[in-house]
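All remarks here apply to the structure that follows.
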Amino acid sequence: TLKYYENLSRASRSNTGTRVSDKKWSKPLCLSSSYKVAHTPRVSPTDCKVVFFASSNVPKTHNTIFELVLCDIKTKRSEVLVGKVSDTTSSSEFAGFYGSDVPKSVWLDQHRVVYTVTVRSRKRLAVVSITDGKVQVMYSDSKKLTDHVLLTVDSKSERVLFSESSITSRPVLMCSHCNNDSGPSCLLDFDTNLERYVVPSHQPCSINTSNVTIREIFYDEKNNRSFESILILPCDMKEKRKVPLIVSPHGGPHSVTTLSYRTDVRFLCEVGYATLFVNYRGSIGFGLNPLESLPGNIGSQDLGDVIAAVKDVLKHCNDVLDADRVFYAGGSHGGFLGLHFALSCSEICKAVAIRNPVTNVASMYGTSDIADWTLVEALGMSIDPRAVPSADQIKQMWNCSPISRSLPSRVPPHLFLLGQKDRRVPVSQGIHMAERLKQAGVSVRILMYPQDNHPLARVETQLDRGISTLDLFEKVSG
């Protein structure tokens, strides 16, 4: 529940001349009584209006689209400024608010607010008019494959500060005047020769996107409906040789991979690997309908999208990608997909490295800290997340799990990277799947990290798992 308190204190001066306050406050005004979920309120500079994200129903998926609500403190009335977006067909369309990347300041002036929005596989800035609710995605016509992430807003000068980066180029600091059509200016650039940030003496900034491609894969051409993949090639492709490919869909599953800078991808590029990220149906940034189409279809719809994306790049980029050196790396739901992919496409996939993978949705129901996730993702949007599954529903949860699959004649080597303190996907999930593969004669290695939980995010762990993953792929490559 969001509540607003107004400071009614009357400032006075003590004998010493110092201002003091009686600290009197108004009765609380409930802002979100009409909504089941409300979060991230931001108060206007004059303290008379508040914007926040809200939903009239409790979301069943662990990430979803929210409405943007405006509440007038004086009149005590609220209204939906921007509703939920059902579908998108291009990267220039506004795709809804997902409630992330919100700085403390979003008010551009008394009539406009600015947010970071996810638009398919990109992050952009969006300006919203609180007068009519119209949304303008800034620089939506730019062909530059970069992400824009809002840092802060200066309402006095009507300027915004944001970072711009590409997936293999470090972020730079940008400034834009929202009433100026001249475009943003770069305040801090990264000098690749000096290996440090500098005040640029030139425009535009030095972000390199020549090795990045966003590919569109249609699943409903009649209605122009598609998902996307991001292909990143090694930075130096002067030698005419084919490079190995690492397939790496995101976890979640209601998450997304965008174009923001990633050190792990930069490392893979430097050592000569291409990477393919797949934003399958169910990812955020594509509208509510694709997002909610995945629950009840995990292990089939998302797997089909990953396979389609891999076949797409192997067909259209066969001059640079080595089809005999295709590997898989992913975590959580991405690990779930990796196991399915390895067992479905054993002729394509040569090795798998997975982090804390979901392997048995049925057993995860009783052992995970997100039991509701197992019900909704395996059984669909109609299920009550608080319900106790029936025997038939448990069977359905088992059937969509990688551990239930029959093994092909050839199964690629597997590396399991497991955090012993993981409560999200308990370590037993990975161990049980690894043991099943071992019993079938599959080459399996388990690396256990006693101090880590689900993200495997400790610096030492990130280095170790990155090197271990690359070591497996290099050995398989010969």
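- Looking at K421 and Q451, their side chains come closer than 4.5 Å, going by heavy atoms from C-beta outward.
- Distance alone, capped at 3.5 Å, places no donor-acceptor pair between the K84 side chain and the T64 backbone.
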Next item on the list: Determine, step by step, whether K438 and H414 satisfy the side chain to side chain contact (heavy atoms under 4.5 Å, CB included) criterion, reporting the C-alpha distance in whole Å, the side-chain angles of both residues, the deciding distance to 0.1 Å, and the verdict.
Entry: CA-CA 10 Å; K438 279 184 180 180; H414 279 63; over 6 Å; no
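- Smallest separation of non-hydrogen atoms from Y98 and G287: OH-N, 3.5 Å.
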Next item on the list: Assess whether side chain to side chain contact (heavy atoms under 4.5 Å, CB included) is satisfied between V358 and Q429, documenting all intermediate values.
Entry: CA-CA 6 Å; V358 175; Q429 291 275 312; 4.1 Å; yes
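- Closest non-hydrogen pair, L339 versus P402, comes out as CB-CB, 3.6 Å.
- Of all heavy-atom pairs between P290 and S86, the closest is CD-O, 3.4 Å.
- Note on ring orientation: taking the six-membered ring where Trp is involved, the planes of H39 and F66 are perpendicular (angle over 60°, cut-offs 30° and 60°).
- No side-chain heavy atom of N360 sits under 4.5 Å from any side-chain heavy atom of H432.
- Closest heavy-atom contact between Y365 and M397: CB-CE, 3.8 Å.
- Looking at heavy atoms from C-beta onward, T146 lies out of side-chain contact with L259 at the 4.5 angstrom threshold.
- Considering only heavy atoms from C-beta on, H254 comes within 4.5 Å of P295 through its side chain.
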Next item on the list: Go through the steps for H333 and W373 under the test side chain to side chain contact (heavy atoms under 4.5 Å, CB included), then give the verdict.
Entry: CA-CA 11 Å; H333 189 81; W373 181 94; 3.9 Å; yes
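- Smallest separation of non-hydrogen atoms from S226 and R120: OG-NH2, 2.6 Å.
- The aromatic rings of F53 and Y115 sit tilted relative to each other, their planes meeting at an angle between 30° and 60°.
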Next item on the list: Begin with the C-alpha distance, continue with both residues' side-chain angles, and end with the deciding distance and a verdict on side chain to side chain donor-acceptor pair (under 3.5 Å) for S140 and R124.
Entry: CA-CA 8 Å; S140 60; R124 286 289 182 263; over 6 Å; no
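- Listed for the S401 side chain is no donor-acceptor partner under 3.5 Å among the backbone atoms of S404.
- No cation-pi contact links R458 to Y449, judged by a cut-off of 6.0 Å to the six-membered ring centre and 45° from its axis.
- Below 30°, between 30° and 60°, or above 60°: for F327 and F473 the angle between ring planes is below 30°, a parallel geometry.
- Considering all non-hydrogen atoms of both residues, A457 and Q462 come closest at O-NE2, 2.7 Å.
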